[in-house]
Protein chains: 2
Amino acid sequence: MALTQRPGADHCGIAAAMSVIDGKWKVSVLWELEQCPRRFGELRRLVPGVSEKVLAAQLRELETDGIVHREVYEEVPPRVEYSLTPLGHELNGALEALGAWGTKHLLTDAAQPVPM
Amino acid sequence: MALTQRPGADHCGIAAAMSVIDGKWKVSVLWELEQCPRRFGELRRLVPGVSEKVLAAQLRELETDGIVHREVYEEVPPRVEYSLTPLGHELNGALEALGAWGTKHLLTDAAQPVPM
DNA sequence: CAGTATCCAGTTGGATACTG
DNA sequence: CAGTATCCAACTGGATACTG
């Protein structure tokens, strides 16, 4: 992933955080899981464009980093549910400031309506 | 850059913000410029490992996105100073939450000392 | 000094077929 | 259903030489 190995990382935790959310679809996955737990196939549909290989890979990374929990139900047909860990929810919270900044300055959301 | 073109972007400004800070050295550059304006050569030294080509490219992108200001002084030898715009400072502010999360959970900073 | 121009290499991500 | 295994294409970033 492109954001891995950021040498300037020492001074703060930003680089560390970036490496965790680095991956083309991770923030989308985080966003979907914020609402409720999802199965693999659901995520695949909710995150349009992602391939099975990459979705699986990024889910594993998020799991390894302690952001998502993977619950396997031993049934037929197989069922696996992904959900955010408390750490994952905290991460989403930290991401909110960034999202607010992006929405405010980048998405130029139709200009705030004049309060009358 | 790897974070560009995030289809799940619609729901919030996170993806938009990510695309702005996407690039292996951008957060390091932002960090250095937060302190004070810097010249090209200074940044090259302050951000160890970055090549001239990539530093120039990422500075141009940050400039295009309105994050950094590029001031050219017509002298000999040439001098160019990069500084953060107000928008850039705001971005750094938004990044702080992420940095705090990363520092707290990822850098495992020697464990918070027991308050006695 | 502050870049630009080339060429090259590593890595991420895409498409598809196959498996438990 | 929930992946894994392959092969492949695109892109970012690295090293270096050259220029205004």
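The structure presented is a predicted model; accordingly, all values stated were derived computationally and were not measured. Letters A, B, ... mirror the listed sequences (proteins, then strands); counts begin at 1.
- At the phosphate of C/dA2, neither OP1 nor OP2 sits under 4.0 Å from any side-chain N or O atom of B/R70.
- Under a cut-off of 6.0 angstrom, the local environment of CD in B/E96 is sparse, with at most 12 non-hydrogen atoms contributed by other residues, nucleotides or ligands.
- Nucleotide C/dG10 is matched to D/dC11 when pairs are restricted to Watson-Crick or G-U wobble geometry with both distances under 3.5 angstrom.
- To the nearest 0.5 Å, atoms CG (A/L95) and CD (A/E34) are separated by 10.0 Å.
- Rounded to whole Å, atom C1' of C/dG13 lies 18 Å from atom CZ of A/R60.
- Of all nucleotides listed (D/dA2, C/dC1, C/dG13), C/dC1 comes nearest to the side chain of B/P77.
- A sub-4.0 Å separation between OP1 or OP2 of D/dC1 and a side-chain N or O of A/R45 is absent.
- Map B/K53 and B/E42 each onto its nearest nucleotide of DNA chain C; the residue landing nearer the 5' end is B/E42.
- For B/R38 and B/Y82, the positive end is not near the middle of the six-membered ring at less than 6.0 Å and at most 45° from its axis.
- For D/dG3, the OP1/OP2 oxygens have no side-chain nitrogen or oxygen of A/R44 closer than 4.0 Å.
- Whole-Å rounding puts the B/L55 CG to C/dC1 P distance at 14 Å.
- Distances from the side chain of A/A56 to the nucleotides D/dG20, D/dG3, D/dG14 place D/dG3 closest.
- Protein atom CZ of B/F40 is 15 Å distant from nucleotide atom C1' of D/dG20, rounded to whole Å.
- Here the side chains of A/V47 and A/E32 are in contact, with some heavy-atom distance below 4.5 Å.
- For D/dC18, the paired base is C/dG3 (Watson-Crick or G-U wobble, both distances below 3.5 Å).
- The shortest distance between side-chain heavy atoms of B/L33 and B/L43 falls below 4.5 Å.
- Contact annotation: A/Q58 side-chain N/O to C/dT12 OP1/OP2 distance is not under 4.0 Å.
- Contact annotation: A/R39 reaches the phosphate of D/dA2 (side-chain N/O to OP1 or OP2, under 4.0 Å).
- Between B/Y82 and C/dG3 there is a side-chain polar atom (N or O) within less than 4.0 angstrom of OP1 or OP2.
- Along DNA chain C, the nucleotide nearest A/E52 and the nucleotide nearest B/R79 are compared for position; the residue whose nucleotide lies closer to the 5' end is B/R79.
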